[in-house]
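To keep things clear, I will list the structure first and then write my remarks on it.
Just so it is clear, the values below take in all heavy atoms, side chains as well, and ignore hydrogens, waters and symmetry mates.
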Amino acid sequence: MENELTENIHLNQVGFYLSAPKIAIVTGETGGDTFYLKTSDLSETVFTGRLAEARAGEYSQKQTRLADFSDFSATGNFVLVVPGVGHSFAFDVKQEVHKELAAAALKGFYFQRASTDLQPEYAGKWHRPAGHPDSEVLVHPSAATAQRPAGTVISSAKGWYDAGDYNKYIVNSGITMGTLLAAYEDFPDYFQQQQLNIPESGNKVPDLLDEVLWNLRWMLTMQDPGDGGVYHKLTNPAFDGMVMPSEANGVRYVVQKGTAATLDFAAVMAQASRVYKPFESTFPGLSDSCLVAATKAWEWAQQNPAILYQQDDLNKRFEPAISTGAYGDSDLTDEFIWAASELYVTTKNAAYYRAVKLFPDANMPLPGWNQVRLLGYYSLVRHARNLTPEAQKDEPELKKRLLRFADELLEGAADRSYGTVMGKSEKDYIWGSSSVAANQGIALLQAYNVTSEKKYLHGALSNLDYLLGRNATGYSFVTGFGEKSTLHPHHRPSVADGIPEPVPGLLSGGTNARANQQDKCTTYRSEFPDEMYTDDDCSYASNEIAINWNAPLVYLAAALEALQQEKE
């Protein structure tokens with residue numbers, strides 16, 4: 001039986017670093033207590049180990065047994081064999097084992113570009129004609145001003161399609177851009193040598209910053225030049241059908257200016273101003289333009305501190321009605337903290353720092369599109385040595401909170417059935433839970449950057465293992481990575497292009513405890529919270545892709561690669 005492939009061995013289907021933890025989980029009954037690591041052709045046994053005692057899964061109560069082969073450190077392609085069960089998918093053990101993953105996750109953004117052809121030399125078989133030039137976008141009545149009345153035509157080209165749909169949203173671009181720029185700030189050397197094969201490759205600017213610039217240029221068009229406020233989104237009235245971008249030709253609008261969008265914009269522009277400053281010769285004036293835009297946005301938000309985007313209410317007052325992603329947020333405390341932090345770090349003007357209460361409560365909420373406080377905290381810690389006395393005074397408290405949060409994430413991970421940080425409670429299995437796992441990993445890496453304690457690094461790695469197959473579904477949630485990986489994401493180009501394989505490097509939303517109630521897809525096979533996933537394009541609640549999910553995957557995979565290179 002050990003000569004047969006089994007899906008009852010759940011592990012990182014890409015592989016493992018030579019000197020890092022190596023864990024697999026065996027589900028169901030086993031024929032004994034021993035496991036073997038063999039070459040992928042099954043001809044040679046290279047390691048023998050004992051399975052840990054059986055545990056019951058936290059939700060399903062299914063038996064799981066942990067196989068730990070961390071002591072094995074030879075390079076090669078292997079399978080894990082459990083007598084009476086079978087052998088696992090093949091995986092690598094080597095240096096730079098996630099190098100291709102890190103690059104593909106970032107290049108996934110290239111495949112989301114609006115307003116441009118994707119040429120075969122860069123996109124391969126996924127090349128396509130341009131969609132959505134967005135050179136003639138209308139000002140929606142909800143966004144009208146005396147200077148720009150309803151129906152005014154503006155140009156708002158470029159940007160990334162937000163998710164499986166073709167609209168562009170400032171709020172979701174906020175956390176996405178903040179995460180990608182943070183990845184560069186934390187690991188600039190890594191990204192300076194990374195090659196993606198995108199049109200800008202070879203221009204003496206890191207490919208990550210070239211890709212981010214595609215969306216940054218669009219974001220700049222979303223600021224009203226008259227007053228500094230920022231439109232919430234650029235959108236069709238309703239979602240397009242499952243067609244290619246070039247076939248979606250409906251009228252597009254910019255919709256109401258709001259405080260959340262304006263503050264997210266201010267934060268991103270302030271961060272971008274300092275990141276792009278060393279590239280002044282390539283992008284003359286860009287850094288200054290970003291800072292001017294950030295300052296104007298901050299001023300608008302000070303004058304308009306509570307203009308919320310409430311789509312249902314707008315639809316009662318304005319036409320056409322808008323039914324695309326709302327990204328509504330009723331608490332803007334975190335957006336003010338993030339924007340103030342980024343402006344302060346960039347300008348060293350302590351007035352920004354004093355404008356907000358840095359610690360409004362004792363919570364340390366994991367970042368998400370509607371909860372960006374920790375992005376500000378990360379920036380303050382990252383640049384602590386260069387800040388003014390106001391921030392230096394708070395630095396010990398800030399680091400203490402970050403480390404306490406990281407320790408809370410780690411708590412109990414080793415005792416859970418899959419041995420990952422992800423899955424501490426059912427609350428982890430929300431819409432876009434894959435980004436929960438990735439953002440937990442980032443939080444742990446922030447703690448590692450502060451302390452150099454390996455427990456944080458290993459915890460972060462456990463969550464990358466989770467995303468690549470060491471989870472209760474057994475799926476790798478990253479397209480193109482792993483033999484059992486997402487094949488049918490809710491993603492319009494992947495549905496409409498006629499190509500069997502999806503674009504590689506896209507992170508599926510993943511397990512969602514309420515997915516079957518939310519999208520009514522009929523192909524779910526389990527109702528356990530950690531198994532509620534279906535690889536079906538009808539499942540927008542468990543199998544969509546989104547830029548704010550891919551961004552923390554980029555950070556997590558690239559950071560682990562960079563740190564592993566330093567260690568080895």
Can you tell me how far the OG1 atom of T179 sits from the CG atom of L553, to the nearest 0.5 Å?
11.5 Å
Relative to the ring of W369, is the ring of Y327 parallel (under 30°), tilted (30 to 60°) or perpendicular (over 60°)?
perpendicular
Check: E185/H383 side-chain N/O donor and acceptor closer than 3.5 Å:
yes
CH2-CG distance between W160 and N550, expressed to the nearest 0.5 angstrom
10.0 Å
Given 3.5 Å as the limit, does a donor-acceptor pair link the side chain of T176 with the main chain of N548, or not?
yes
Would you call K99-E561 a salt bridge at under 4.0 Å N-O?
no
Answer yes or no: are there more than 12 heavy-atom neighbours, outside E100 itself, under 6.0 Å from its atom CD?
no
Judged by atom type as modelled, is there a donor-acceptor pair below 3.5 Å linking the side chain of Q518 to the main-chain atoms of A541?
no
Distance, nearest 0.5 Å, that separates SG of C538 from CG of D519
6.0 Å
With distance as the sole criterion, is a donor-acceptor pair present between the side chains of D162 and N167 under 3.5 Å?
no
Just say parallel, tilted or perpendicular for the rings of F47 and F72, cut-offs at 30° and 60°.
perpendicular
Counting only heavy atoms not in R514 (residues, nucleotides, ligands), do more than 12 fall under 6.0 Å from its CZ?
no
By ring-ring contact (aromatic ring centres under 6.0 Å, His included) - contacts of H490 (at least two apart)
Y540
List the steps, then state whether side chain to side chain donor-acceptor pair (under 3.5 Å) holds for D186 with Q446.
CA-CA 9 Å; D186 280 338; Q446 296 296 320; 3.2 Å; yes
F111: which residues meet the ring-ring contact (aromatic ring centres under 6.0 Å, His included) condition with it, sequence neighbours left out?
none
Does the side chain of T534 pick up a donor-acceptor pair with the side chain of D536 at under 3.5 Å?
no
Using a 6.0 Å cut-off, check whether atom CD of E527 has over 12 heavy atoms from anything other than its own residue.
no
Does the distance from a Lys or Arg side-chain N to an Asp or Glu carboxylate O, for E211 and R113, drop under 4.0 Å?
yes
Please table the atom pairs, donor to acceptor, closer than 3.5 Å between any side-chain atom in residues 50-57 and protein atoms at least two apart or in another chain.
from	atom 1	to	atom 2	distance (Å)
R50	NH2	D33	OD2	3.3
R55	NH1	A414	O	3.1
R55	NH1	R416	O	2.7
R55	NH2	A414	O	3.0

For H458 and E453, run side chain to side chain donor-acceptor pair (under 3.5 Å): C-alpha distance rounded to whole Å, both residues' side-chain angles, the deciding distance at 0.1 Å, then the answer.
CA-CA 9 Å; H458 293 166; E453 291 187 32; over 6 Å; no
Tell me whether E501 is salt-bridged to K125, with the criterion being a basic N under 4.0 Å from an acidic carboxylate O.
yes
Between S539 and S542, is there a donor-acceptor pair closer than 3.5 Å when you use the side chain of the first and the backbone of the second?
yes
In plain terms, say whether D240 and R492 are close enough for a salt bridge, that is, a side-chain N and a carboxylate O under 4.0 Å apart.
no
Can you say whether the rings of Y184 and F191 are parallel (under 30°), tilted (30 to 60°) or perpendicular (over 60°)?
tilted
Hits for ring-ring contact (aromatic ring centres under 6.0 Å, His included) against F35, two or more places apart or cross-chain, chain-then-number order -> none
Using 30° and 60° as the class boundaries, would you call the ring planes of F91 and F78 parallel, tilted or perpendicular?
tilted
Does the pair K62 and E531 meet the rule for a salt bridge (charged side-chain N to carboxylate O under 4.0 Å, His left out), with working shown?
CA-CA 12 Å; K62 294 177 182 175; E531 296 179 1; 3.1 Å; yes
Strictly by modelled atom types, are S246 and R128 linked by a side-chain donor-acceptor pair under 3.5 Å?
no
Evaluate the side chain to side chain contact (heavy atoms under 4.5 Å, CB included) criterion for residues W338 and L374: first the C-alpha distance (whole Å), next the side-chain angles of each, then the deciding distance (0.1 Å), finally the verdict.
CA-CA 8 Å; W338 183 32; L374 264 63; over 6 Å; no
Are H98 and Y17, when compared by the centres of their aromatic rings, separated by less than 6.0 Å?
yes
Give every donor-acceptor pair under 3.5 Å between a side-chain atom in residues 476-488 and any protein atom, sequence neighbours left out.
from	atom 1	to	atom 2	distance (Å)
S476	OG	V478	N	3.4
S476	OG	F481	O	2.6
T479	OG1	V503	O	2.6
T479	OG1	G505	N	3.2
T479	OG1	L506	N	2.9
T479	OG1	L506	O	3.4
E483	OE2	A90	N	3.4
K484	NZ	E7	OE1	3.0
K484	NZ	T473	O	3.2
S485	OG	G482	O	3.1
T486	OG1	Y533	OH	2.8

Residues in side chain to side chain contact (heavy atoms under 4.5 Å, CB included) contact with V243, at least two apart in sequence or another chain:
E247, A248
Hey, are K455 and D407 close enough for a salt bridge, meaning a charged N less than 4.0 Å from a carboxylate O?
yes
